[in-house]
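Note sheet for the following structure.
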Amino acid sequence: MVGRAPIAVALDAPDLETAARWAGLVTPHVSALKIGLELYLRYGPSVVASVRGASEAEIFLDLKLHDIPATVAGAARAVARLRPALLTVHAGAGAAAIRAAAEAIPATRIVAVTVLTSLGEADLARLGMAGPVSSAVRRLAAVAIEAGARGLVCSPQEVEAVRAEVGDGIVLITPGVRPAGTDANDQARVATPEEALRSGADLLVIGRPITAAADPGAAAAAIAASLRRAEAVDSRQ
Ligand code: C5P
């Protein structure tokens with residue numbers, strides 16, 4: 001791994017100034033900045049320019065689109081001028097909606113969200129999706145990839161099974177990443193950054209372990225360094 005670490009910092013900030021400050025501090029160390037619904041809906045599209053600044057970090061626009069194909073395509077076209085590297089769409093919107101997004105914004109990697117990690121088996125059963133969560137994840141992943149998604153969000157525990165389902169070339173993105181010894185916060189199923197990469201993740205979404213640190217830049221640099229060390233050890237084995 002050369003250059004910036006494969007980390008997308010979740011900029012879940014209370015205001016634009018904080019988000020821009022975090023972005024400036026972490027950008028030298030990480031490859032992407034994740035803007036979620038809260039920040040985007042509060043400040044609108046201009047939030048992207050504010051966090052991007054003069055940096056070359058990629059923008060991960062986590063808007064989790066979920067609508068009919070024409071509307072998803074229109075929304076994707078609407079954000080195309082922001083040049084996001086990644087844009088999320090719910091796989092549950094269906095193959096046609098995923099395909100519409102992929103065609104509407106070809107320079108952006110469409111990332112499908114399979115099953116939200118806030119949902120358990122009982123929730124899925126109530127929604128008419130009986131069976132283990134992992135089966136639903138694999139089913140939705142297959143539909144999304146066939147329809148043109150080039151990335152998937154999944155938990156670190158699901159990475160291996162999802163990789164087996166979709167093969168190489170698809171970017172697997174995992175939240176729920178916690179360096180050893182840090183607070184899990186509200187994440188139930190966590191893995192360390194090294195574990196997540198070893199199990200096959202391509203991009204780690206990390207928020208509070210970096211943004212709630214006294215020095216977010218130093219926290220990002222430390223995680224990036226630990227990933228480089230792990231990679232060096234692995235390549236010697
Ligand atoms: O602070 P933390 O590292 O938990 O932030 C994780 C980020 O990933 C948050 O922006 C959260 O909304 C997002 N996320 C998640 N679990 C998912 C999908 C997204 O935690 N399944």
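For ligands, and for the atoms within them, numbers begin at 1 and follow the listed sequence.
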Any N/O pair Gly207/ligand 1 closer than 3.5 Å: yes
Considering distance alone, does some N or O of Thr117 sit under 3.5 Å from an N or O of ligand 1? yes
Among all protein heavy atoms in this structure, tell me which lies nearest to [atom], with the distance rounded to 0.1 Å.
atom	result
atom 8 (O) of ligand 1	Val205 CG1, 3.4 Å
atom 12 (O) of ligand 1	Lys34 NZ, 4.3 Å
atom 6 (C) of ligand 1	Gln187 NE2, 3.7 Å
atom 15 (C) of ligand 1	Pro175 CB, 3.5 Å
atom 2 (P) of ligand 1	Arg178 NH2, 3.4 Å

Give every donor-acceptor pair under 3.5 Å between a side-chain atom in residues 96-112 and any protein atom, sequence neighbours left out.
from: Thr108; atom 1: OG1; to: Pro84; atom 2: O; distance (Å): 2.7
from: Arg109; atom 1: NH1; to: Arg150; atom 2: O; distance (Å): 2.8

Asp12 near ligand 1, heavy-atom distance under 4.0 Å? yes
Do the side chains of Val115 and Glu158 get nearer than 4.5 Å, heavy atoms only? no
Which ligand 1 atoms are under 4.0 Å away from a heavy-atom of [X]?
X	answer
Ala10	7 (C), 10 (O)
Ile206	3 (O)
Arg208	1 (O), 2 (P), 3 (O), 4 (O)

Spacing of Ile59 atom CD1 and Leu82 atom CG [to the nearest 0.5 Å]: 9.0 Å
To the nearest 0.5 Å, atom CG of Leu204 lies from atom CD1 of Ile223 at 9.0 Å
Other residues, nucleotides, ligands: >12 heavy atoms within 6.0 Å of Glu56 CD: no
Within a radius of less than 6.0 Å around CD of Gln157, do more than 12 heavy atoms belonging to other residues, nucleotides or ligands occur? yes
Pair up each side-chain donor or acceptor in residues 174-186 with any protein partner under 3.5 Å, not counting sequence neighbours, and list the distances.
from: Arg178; atom 1: NE; to: Asp183; atom 2: O; distance (Å): 3.0
from: Arg178; atom 1: NE; to: Asn185; atom 2: OD1; distance (Å): 3.3
from: Arg178; atom 1: NH2; to: Asn185; atom 2: OD1; distance (Å): 3.0
from: Thr182; atom 1: OG1; to: Pro179; atom 2: O; distance (Å): 2.7
from: Asp183; atom 1: OD1; to: Asn185; atom 2: N; distance (Å): 2.8
from: Asp186; atom 1: OD1; to: Arg208; atom 2: NH1; distance (Å): 3.2
from: Asp186; atom 1: OD1; to: Arg208; atom 2: NH2; distance (Å): 2.6

Charged N to carboxylate O below 4.0 Å: is that the case for Arg42 and Glu38? yes
